[in-house]
Amino acid sequence: MLNETYEINNDFIITLDGNFDADSVKVMKDDIERYSKLSTNIIFDLGRVPFIDSSGIGAIVFLYKRMVAKGFSVSVTGLTQQPLELFQMLFLDKTINCYPNIDCYLETSPNLQVAS
């Protein structure tokens, strides 16, 4: 599991590449804890994640709960096949905002800053 983080318009984007499962969550545990201390919206870009299990879902829900309690949001982009089916089966797509890709998220982001 490779991950990359960056910021756009004061939002923190976490791009994951590979399975988001128990092994990868274990490796990312310290990072996830650190992300929960941020004061910004968090977006998981899962466009290159072919498989997610309960540990990956748990990591997203962990951050969701902490960020919402602070007045921020957690969104997910790029869900395909198995991850999308699991999100729908658990009705997470009704709680956590899901977008087809980062561009779609940015189009609806209240933080969108346009250069003048």
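Put simply, CD on E4 and CG on L16 are 10.5 Å apart, with the number rounded to the nearest 0.5 Å. To the nearest 0.5 Å, atoms CD1 (I57) and CG (L92) are separated by 5.5 Å. Residue L106 holds its CG atom at 8.0 Å from OG1 of T108, rounded to the nearest 0.5 Å.
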For residues 65-90, tabulate all N or O donor-acceptor pairs below 3.5 Å that involve a side-chain atom, not counting sequence neighbours.
unit_1: R66; atom_1: NH1; unit_2: F62; atom_2: O; d: 3.3
unit_1: K70; atom_1: NZ; unit_2: S36; atom_2: O; d: 2.8
unit_1: K70; atom_1: NZ; unit_2: L38; atom_2: O; d: 2.5
unit_1: S73; atom_1: OG; unit_2: N41; atom_2: OD1; d: 3.2
unit_1: T77; atom_1: OG1; unit_2: D45; atom_2: OD1; d: 3.4
unit_1: Q82; atom_1: OE1; unit_2: I52; atom_2: N; d: 2.8
unit_1: Q82; atom_1: NE2; unit_2: I52; atom_2: O; d: 2.9

Evaluate side chain to side chain contact (heavy atoms under 4.5 Å, CB included) for Y64 paired with T95, printing each intermediate quantity in order.
CA-CA 10 Å; Y64 175 83; T95 304; 3.3 Å; yes

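Under a 3.5 Å cut-off, the side chain of N9 and the backbone N or O of D11 do not form any donor-acceptor pair.
Minimum interatomic distance between A22 and D53 (heavy atoms only, all atoms of both residues): N-OD2, 3.2 Å. When all heavy atoms of F20 and A59 are compared, the pair lying nearest together is CZ-CB, 3.8 Å. Scanning both residues, V25 and S55, for their nearest heavy atoms gives CG2-O, 3.5 Å.
Sorted by first then second residue, the ring-ring contact (aromatic ring centres under 6.0 Å, His included) pairs that include residues 30-59, not counting sequence neighbours, are F12-Y35.
In Y6, the OH atom is crowded: over 12 heavy atoms of neighbouring residues, nucleotides or ligands sit closer than 6.0 Å.
Counting heavy atoms from C-beta outward, T40 and E7 have side chains that stay 4.5 Å or more apart. In this structure, the side chains of I60 and L46 come closer than 4.5 Å at one or more pairs of heavy atoms.
K26 has no carboxylate O lying under 4.0 Å from a charged side-chain N of D23, or vice versa, which leaves the two without a salt bridge. Salt-bridge formation is not detected for the pair E33/K29: no Lys NZ or Arg NE/NH1/NH2 atom is positioned less than 4.0 Å from an Asp or Glu carboxylate oxygen.
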